[in-house]
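These notes concern the structure reproduced below.
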Amino acid sequence: LCGAALFLSQLSVLSGRAGSLMTTKLSQPQSTLAKSLTSTSTNAPYFKALESTEIPPYVTNCPSNGLCSRLPPDCMTCNTNYSCIYGKTATFDCKVKPHVHCVDENNHEQENFTINMTCQFCWQLATSDYVCTNSTNCMTVSCPRQRYNATCTVRDHIHCLGNRVFPKMLYCNWTGGYKWSTALALSITLGGFGADRFYLGQWREGLGKLFSFGGLGIWTLIDVLLIGVGYVGPADGSLYI
């Protein structure tokens, strides 16, 4: 009986220790979870603050504290009135975008304002009101004149209807750095040796003139006339300077 009582007492001690160990093990994840929840809850406003203070990229193109009516179109949002009469001056209600600051004529900050612009689409603007990409792969000296597909962008201070970036077919109009005066002077003075053709990058014609002494002078006279009227141009198809 004494042995059985001793065994039962030891068993109760062991069970008590196991229970305490399980309690400590279970309490540790709870404390860790509580810490993670606490850190997450404290960091959440920080991330929201970063998102709210992020400056949009268009702000760099918007002058600060300038006249609202002179802001670039990317800095404002306007109510487009497509019912205006083409070619006539129309008034549009506009509002500055977030993080953009501008003033009126009395130096008072404002958000809502009006602008006056000519009622026309962007692709109908004058050629001086937009900038287009240039192509160096087309021939400028050809009949009929060649065209290429260009991408045009309206200048910042110009307001218009529709897309500010649009495609357009333009005539080939680029230069490789050749001067018409230099080509004509070489044709008159050294045309019998093919210097004019060599200068324009036409090596075959230049060699032909060199070994034929300018076609006994006939070819030289013809080239003077052709270069003088601009019919013969650079071999790369570009225009004279």
Side-chain angles (χ1 to χ4, degrees), residues 61 70 72-74 82 84-90 115-241:
N61 298 325
R70 296 187 178 181
D74 294 337
Y82 288 98
C84 58
I85 301 175
Y86 173 76
K88 300 294 183 179
T89 302
I115 60 171
N116 296 323
M117 55 175 282
T118 305
C119 181
Q120 59 182 347
F121 287 96
C122 295
W123 58 270
Q124 296 174 321
L125 293 171
T127 55
S128 59
D129 293 336
Y130 54 82
V131 180
C132 300
T133 57
N134 203 355
S135 175
T136 58
N137 297 324
C138 59
M139 299 291 292
T140 59
V141 182
S142 62
C143 187
R145 293 183 62 186
Q146 290 187 4
R147 294 175 179 262
Y148 69 98
N149 293 319
T151 301
C152 302
T153 305
V154 181
R155 299 184 185 274
D156 289 339
H157 63 282
I158 302 298
H159 297 274
C160 56
L161 301 176
N163 296 326
R164 299 185 61 83
V165 179
F166 53 91
K168 199 166 188 177
M169 292 288 294
L170 299 178
Y171 286 110
C172 297
N173 186 22
W174 64 283
T175 178
Y178 297 95
K179 294 184 178 180
W180 172 81
S181 58
T182 302
L184 182 60
L186 290 175
S187 181
I188 295 173
T189 57
L190 300 175
F193 301 99
D196 50 353
R197 294 283 184 166
F198 286 127
Y199 171 74
L200 296 175
Q202 302 175 6
W203 297 96
R204 295 180 180 179
E205 292 81 355
L207 291 175
K209 292 182 69 175
L210 176 62
F211 291 111
S212 65
F213 298 101
L216 300 178
I218 299 176
W219 195 349
T220 302
L221 294 176
I222 294 175
D223 272 357
V224 170
L225 295 176
L226 295 179
I227 294 176
V229 298
Y231 184 80
V232 173
D236 58 3
S238 63
L239 293 175
Y240 289 114
I241 296 178

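Only this structure's heavy atoms are used, side chains among them; waters, hydrogens and symmetry mates stay out.
In this structure, P234 and Q202 approach most closely via the heavy-atom pair C-NE2, 4.5 Å. Contact between V232 and I227 at its shortest, heavy atoms only, is CB-CG1, 4.1 Å. Across A90 and C84, no two heavy atoms sit closer than the pair CB-CB, 3.9 Å. Annotation for G208 and W219: closest pair C-CZ3, 3.7 Å, computed over non-hydrogen atoms. Of all heavy-atom pairs spanning Y148 and Y171, the tightest one is CE2-O, 3.4 Å. Residues N61 and P72 approach most closely at O-CG, 3.5 Å, considering heavy atoms.
A donor-acceptor pair under 3.5 Å is formed between the side chain of Y199 and the backbone N or O of K179. For T151 (side chain) and T133 (main-chain N/O), no donor-acceptor pair under 3.5 Å exists by modelled atom type.
Interatomic distance, CD1 of I188 versus OG1 of T220, reported as 11.5 Å (0.5 Å rounding). Rounding to the nearest 0.5 Å gives a distance of 12.0 Å between OG1 of T182 and OH of Y178. Taken from CG in L184 to OG1 in T189, the straight-line distance is 9.5 Å, to the nearest 0.5 Å. Separating the CG atom in D156 from the CG atom in D74 is a distance of 6.5 Å, to the nearest 0.5 Å. Rounded to the nearest 0.5 angstrom, R164 CZ and C152 SG are separated by 13.0 Å. For the atom pair CD1 (I158) and OH (Y130), the distance works out to 12.0 Å, reported to the nearest 0.5 Å.
By the neighbour-count criterion of 12 heavy atoms within 6.0 Å, atom CZ of R70 is sparsely surrounded, having that number or fewer from other residues, nucleotides or ligands. The 12-atom threshold is not exceeded at CZ of F193, counting heavy atoms of other residues, nucleotides or ligands nearer than 6.0 Å. Annotation: N163, atom CG; neighbour count of heavy atoms from other residues, nucleotides and ligands within 6.0 Å does not exceed 12.
Not less than 6.0 angstrom separates the ring centroid of F166 from the ring centroid of F121.
Residues C119 and I85 form no side-chain contact, since every pair of their non-hydrogen atoms from C-beta on lies 4.5 Å or further apart. Residues Y86 and L161 form no side-chain contact, since every pair of their non-hydrogen atoms from C-beta on lies 4.5 Å or further apart.
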> For N149 and M169, what are the C-alpha separation, side-chain angles and deciding distance, and is it a side-chain contact (heavy atoms from CB on, under 4.5 Å)?
Replying inline: CA-CA 5 Å; N149 293 319; M169 292 288 294; 2.5 Å; yes
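Here salt bridge (charged side-chain N to carboxylate O under 4.0 Å, His left out) pairs that include residues 201-224, with residues two or more places apart or in two chains, are D196-K209, R197-D223, K209-D223.
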